[in-house]
Amino acid sequence: MNRDLRKTIIAGNWKMNMLASEVKAYKDELMPLITEFKAWCDTVVCTPFVLLPEAVCAFKGTGVGVGAQNLSQFESGAYTGEVSAAQLTDIGTQYVIIGHSERRQYYGETDETVNAKTLAALKTPLISIVCVGETLEQREEGITNELVTKQVKVALSNVPGDRELDKVVIAYEPVWAIGTGKTATPEDAQEVCKVIRNVLSSLYCEKAAEAISILYGGSMNDKNAKDLLAQPDIDGGLIGGASLKPDAFAVIVNAANQ
Ligand code: 13P
């Protein structure tokens, strides 16, 4: 983390879990466990679409923001089953996860669709959490840095280096670490996050790259968060399983607000 240069962000990704009837109880359990919200740290829960109105209502005025897990690359029209950026912002959604590896793996999302979705989100006040990361095979092949470089470059094609960049966050999520209990070591995660920052610097400039938050995701939990967050280029976490447990999530949020 480098609090002087950029925001720290702790984002829970609930994936396809929880019911609307459980959101308020989650909030009631979480909030007393969070000791402090520092100005340089944002806390967010990213819920399934149908839970967003409930979550926006439950977390209103608490200091915890609400995000979606996907959006359409199209503005409006005949796209059955899709949800637009404007529809998300209209109900108070502040963040959106784009190109999560589960969307790439199960729903055919590509670097190009991730780019189209990022451009769509940037037309609104939404903050985009753009996900990149390698599979185990790709890591073993030794192509992690190359792959992540390409993912970031394509995802940000035609994203101007002006104030739009304030609404871009990158999440490095090694696919082999997601939901497996296998966390990247802080050093390995740092190495790739540094590669990502160098890519951002080559795309824009060093100052712009230093201002962009880069999160780590993949089995981050209450035990390992502190060490991961201590790395200079890891500016927060995208947390799946542990974000479903208010006590574990609160430990991570508190570690980030130290
Ligand atoms: P886990 O924390 O469950 O490994 O999930 C990480 C993730 O995919 C967050 O988007």
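Order of appearance sets the numbers: ligands from 1, and atoms from 1 within every ligand.
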For [X] and [Y], work out which heavy atoms get closest and say how close.
X	Y	value
Ser84	Glu75	CB-O, 3.3 Å
Asp28	Pro32	O-CD, 3.1 Å
Leu88	Asn70	CD1-O, 3.8 Å

Exercise. Between Ala177 and ligand 1, find which residue part has any heavy-atom pair under 4.0 Å and reply side chain, backbone, both or neither.
Key: backbone
Quiz item: Quick one: does ligand 1 sit under 4.0 Å from the side chain of Ile178, the backbone, both or neither, non-hydrogen atoms only?
Solution: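 Both backbone and side chain.
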Which residue and heavy atom of the protein sit nearest [atom], plus the separation:
atom	value
atom 7 (C) of ligand 1	Glu173 OE2, 3.1 Å
atom 3 (O) of ligand 1	Gly241 N, 2.8 Å
atom 2 (O) of ligand 1	Gly240 N, 2.9 Å

Show which atoms of ligand 1 fall inside a sub-4.0 Å distance from at least one heavy-atom site of [X].
X	value
Ser219	1 (P), 2 (O), 4 (O)
Leu238	9 (C), 10 (O)
His100	7 (C), 8 (O), 9 (C), 10 (O)

Quiz item: With a 4.0 Å cut-off on heavy atoms, is Gly218 touching ligand 1?
Solution: yes
Quiz item: Within a radius of less than 6.0 Å around NZ of Lys167, do more than 12 heavy atoms belonging to other residues, nucleotides or ligands occur?
Solution: yes
Check: [X] N/O within less than 3.5 Å of ligand 1 N/O:
X	value
Glu102	no
Lys15	yes
Gly179	yes

How far does [atom1] of [X] sit from [atom2] of [Y], to the nearest 0.5 angstrom?
X	Y	atom1	atom2	result
Arg6	Thr8	CZ	OG1	8.5 Å
Lys245	Tyr26	NZ	OH	11.0 Å
Thr62	Leu30	OG1	CG	8.0 Å

Self-check item: Shared hydrophobic cluster for Ile214 and Ile239 (ILVMFWY, side-chain gaps under 4.5 Å)
Solution: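 Yes, one cluster joins them.
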